[in-house]
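Have a look at the structure below, then the notes.
To find a chain, count down the sequence lines: A is the first, B the second, and so on, and within it residues start at 1. What you see is a predicted model; the values in this text were computed from it and never measured.
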Amino acid sequence: DTGVSQDPRHKITKRGQNVTFRCDPISEHNRLYWYRQTLGQGPEFLTYFQNEAQLEKSRLLSDRFSAERPKGSFSTLEIQRTEQGDSAMYLCASSSQEETQYFGPGTRLLVL
Amino acid sequence: AQSVTQLDSQVPVFEEAPVELRCNYSSSVSVYLFWYVQYPNQGLQLLLKYLSGSTLVKGINGFEAEFNKSQTSFHLRKPSVHISDTAEYFCAVRGSPEKLTFGTGTRLTIIP
């Protein structure tokens, strides 16, 4: 049983560049979530998919952020025109019909 | 809306001593409660969860938590800690809709 995987694990970029992260959920899970965690804080919800449908987006998800899950399997999170305030750990989680969300190892983003 | 309060940002404990990490929540709907552990530079690992039924929940690594509806608490306990328990611990509530709302975390440091 492979868990949730995320790629890349680390990303350093310059301010103004675009970045894209990928999340592969546990294979039988139809729900996929993105969270952001800044230093010293708990994770904060960004968005949620059920299959390919994006059902909820947080106000934290500005118009520079976009997430997709085109075939209901893997998901991508893109940040356009990155800002230093985007530096954080981006966590992906997945779940099935039951209530437990299983998290991936995260992608740590540093914007210089 | 849901919220979680973890009053203790840091808890130092001697090895083999007991520990309690406090968590209080608020929710306007039925709650599902979770404790996750995060080791440095890693994602979140589920320790235990309360969905319904018995208010005393046992998890992995010898941890347990007790759901107290009247006090809106879900404190995490372990009777004897080990060096390997050094980590950040997050309490989370899942109400409705699907997202998890996390506390700010408690850093548990085990003193040899």
Side-chain angles (χ1 to χ4, degrees), chain A residues 2-10 21 23-26 29-51 53-61 67 88-110, chain B residues 1-10 21-25 27 29-53 57 59-60 65 67 74 76 87-108:
Chain A
T2 57
V4 179
S5 62
Q6 293 186 245
D7 184 70
R9 293 291 309 276
H10 305 274
F21 309 140
C23 171
D24 287 88
I26 293 171
H29 287 181
N30 64 340
R31 299 173 182 181
L32 187 147
Y33 313 79
W34 285 98
Y35 292 82
R36 181 172 69 185
Q37 184 180 21
T38 53
L39 208 58
Q41 299 297 316
E44 296 173 293
F45 172 80
L46 292 178
T47 190
Y48 149 61
F49 291 85
Q50 182 162 316
N51 300 311
Q54 188 173 18
L55 296 186
E56 189 185 356
K57 293 197 300 185
S58 162
R59 285 171 294 178
L60 292 175
L61 215 63
M89 172 84 92
Y90 290 83
L91 293 163
C92 177
S94 70
S95 73
S96 61
Q97 294 300 113
E98 59 96 21
E99 308 302 336
T100 302
Q101 294 181 24
Y102 296 90
F103 283 80
T107 295
R108 186 172 293 280
L109 173 66
L110 177 61
Chain B
Q2 295 80 237
S3 68
V4 174
T5 302
Q6 292 181 251
L7 289 173
D8 305 307
S9 59
Q10 297 188 59
L21 305 184
R22 296 182 293 168
C23 172
N24 288 88
Y25 70 91
S27 178
V29 297
S30 299
V31 293
Y32 302 113
L33 293 159
F34 303 83
W35 276 99
Y36 285 87
V37 60
Q38 187 174 36
Y39 299 101
N41 298 313
Q42 294 188 26
L44 300 169
Q45 181 182 1
L46 180 69
L47 273 179
L48 49 78
K49 60 186 176 184
Y50 172 79
L51 304 181
S52 64
V57 180
I60 63 171
F67 171 60
F74 190 54
L76 181 70
E88 189 96 21
Y89 291 80
F90 292 96
C91 181
V93 61
R94 180 195 174 282
S96 176
E98 294 281 332
K99 68 181 182 182
L100 289 174
T101 300
F102 287 86
T104 52
T106 297
R107 182 173 300 277
L108 177 62

Item to complete: Please report the shortest heavy-atom distance between A/Glu56 and B/Lys99, naming the atom on each side.
Response: OE2-CD, 4.2 Å
Item to complete: Please indicate whether A/Leu39 has more than 12 foreign heavy atoms, meaning atoms of other residues, nucleotides or ligands, lying under 6.0 Å from its CG.
Response: no
Worksheet item: Using a cut-off of under 4.5 Å for heavy-atom pairs, which of A/Cys92, A/Gly106, A/Pro105 has the most such pairs with chain B?
Response: A/Pro105
Worksheet item: By a 4.5 Å heavy-atom criterion (distance strictly below it), what part of B/Leu46 contacts chain A: side chain, backbone, both, or neither?
Response: side chain
Discussion item. Take a 6.0 Å sphere around OH of B/Tyr32 and say whether it holds more than 12 heavy atoms from other residues, nucleotides or ligands.
Written reply: no
Practice prompt. Would you indicate whether the side-chain heavy atoms of B/Phe34 and A/Thr100 approach each other to under 4.5 Å?
Written response: yes
Item to complete: With rounding to the nearest 0.5 Å, note down the distance linking CD in A/Gln101 to OH in B/Tyr36.
Response: 5.5 Å
Discussion item. Using heavy-atom distances under 4.5 Å, tell me whether B/Gln45 contacts chain A through its side chain, its backbone, both, or neither.
Written reply: neither
Worksheet item: Side chain, backbone, both or neither: which part of A/Gln37 has a heavy atom under 4.5 Å from chain B?
Response: side chain
Discussion item. I want to check something: taking the side chain as every heavy atom from C-beta on, are A/Tyr33 and B/Leu100 in contact at a cut-off of under 4.5 Å?
Written reply: no
Practice prompt. Return the minimal non-hydrogen interatomic distance between B/Phe102 and A/Pro43, and the atom names on each side.
Written response: CD1-O, 3.4 Å
